[in-house]
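In what follows, a single structure is set out as structure tokens and then discussed.
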Number of protein chains: 2
Amino acid sequence: MTRTTREDVVTAAGRLFAADGYDGTSMRDLGREVGLLGSSLYAHVAGKQELLVEVVMRGSLLFEDSAREAVDTPGTTRDQLRAFIAGHVGVVLGHLDVARTFLNEARALDPEHRAQVIAARDAYEATLRWILAVGRDNGSFRAGLDPKLDGIFILSILNAIDRWYQADGVIEPERLVDELYEFVLAGLS
Amino acid sequence: MTRTTREDVVTAAGRLFAADGYDGTSMRDLGREVGLLGSSLYAHVAGKQELLVEVVMRGSLLFEDSAREAVDTPGTTRDQLRAFIAGHVGVVLGHLDVARTFLNEARALDPEHRAQVIAARDAYEATLRWILAVGRDNGSFRAGLDPKLDGIFILSILNAIDRWYQADGVIEPERLVDELYEFVLAGLS
DNA sequence: CCTACCGATCGGTAGG
DNA sequence: CCTACCGATCGGTAGG
């Protein structure tokens, strides 16, 4: 046991926010998680809200980077769609606590940061819609596709993964990506 | 303004639980909503938890009835799938507050009722899986379909509707059902 | 259905 | 990083 760092506190906060929610996590709970008293946390952070902002912003960046990589993927529009799905799965499974907090606890943010998160989500969704529209126009997907509505359907599936996926087996991440891609692509064809 | 009834309190509780969450709703908030003091609510209900149980159980019953009706629908397996989707949309759009509370606030329930809700959700999911398996075996859907995984994908889409649907137009409920059915059916074909 | 409370818990601070 | 606290808010109760 070395000294507790700010990073330890942020990581533990993500864990508790993901498991019990922001409102369901007290500073005393968080202190216990890192082996300190609740009041001692204020030597590391300005407050509870700052911790939420930090965790959520990390999630926001992860999804943003993933979306950019998907668009930069060489190949067909279908390859980009697959990269988008694979990237999303990678973020969720690779950073479960951060992803869960980003997806489910944003409403506890102060108005300014909440607006920032909503903007980030809109941009993420816009990237997917862009892929769908391009694919519709170049014949990769069906002509009658509705980028907005079909984008919502796809994101609904992706954003629910953290709720049912269990790390300990049952289905491998690679197979999950395959099945997701297959199901979604069919819906677009 | 007539006398406040227990029903008024339960309805208002559903509204606030859906909007602000169970933890985010205080008995004083709820009292204000119905024009009473927080402490006066205890003349109508035993406690805050009882209100959550009541709202969530109403949601549970609505989805259960809807699933049964879908299975009892005459016609092809595809017709049953469509009825399942239409029923789900009907419950969500027709009882937004109850559906939201059922879908998002069950974790605030005491262990016994939470177990009940999980069992109800499992049964609902089992009904959908049954439709998928039957349809796979009778040729309505593709042979390689995975009832469990594809059922999760479908429910992911259905359970997210309350998060983005806006009652004031944009898309009609009938068109939503059509688009959902089209997208899902393609994923199963 | 209100008045007047209760004990518990919350986020956070002063001072060391 | 702890001690000792603070004001606010919470769910809930006694008595009318």
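Treat the numbers as computed from the prediction; the structure is a model and nothing was measured.
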Rounded to whole Å, how long is the line connecting atom [atom1] of [X] with atom [atom2] of [N]?
X     : N      : atom1 : atom2 : result
A:R32 : C:dG11 : CZ    : P     : 12 Å
A:L30 : D:dC1  : CG    : C1'   : 15 Å
B:M27 : D:dG11 : CE    : P     : 7 Å

Review point. Looking only at side-chain N and O atoms, does B:S26 come under 4.0 Å of OP1 or OP2 in D:dT9?
Key: no
Exercise for review: Examine B:R78 relative to B:F141 and say whether NZ or CZ is less than 6.0 Å from the centre of the six-membered ring and inside a 45° cone about the ring axis.
Suggested key: no
For the side chain of [X], starting at C-beta, report the closest nucleotide among [options].
X     : options               : value
A:K48 : C:dC2, C:dG12, D:dC1  : C:dG12
B:S39 : D:dG11, D:dC2, D:dT13 : D:dT13
A:R3  : C:dC2, C:dC10, D:dC1  : D:dC1
B:Y42 : D:dG11, C:dC10, D:dC2 : D:dG11
B:S40 : C:dC2, D:dC1, D:dC5   : C:dC2

Heavy atoms only, 4.0 Å cut-off, all strands: where does [X] land among base, sugar-phosphate and nothing?
X     : answer
A:L37 : base
A:G38 : nothing
B:T4  : sugar-phosphate

Exercise for review: Kindly state whether the ring of A:F84 and the ring of A:F63 have centres lying under 6.0 angstrom apart.
Suggested key: no
Exercise for review: Taking only Lys NZ, Arg NE, NH1 and NH2, and the carboxylate oxygens of Asp or Glu, determine whether A:D150 and A:R142 approach each other closer than 4.0 Å.
Suggested key: yes
Check your understanding: Does some side-chain heavy atom of B:D178 sit less than 4.5 Å from a side-chain heavy atom of B:E182?
Key ->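 When only atoms from C-beta onward are counted, B:D178 and B:E182 do not touch, as no gap falls below 4.5 Å.
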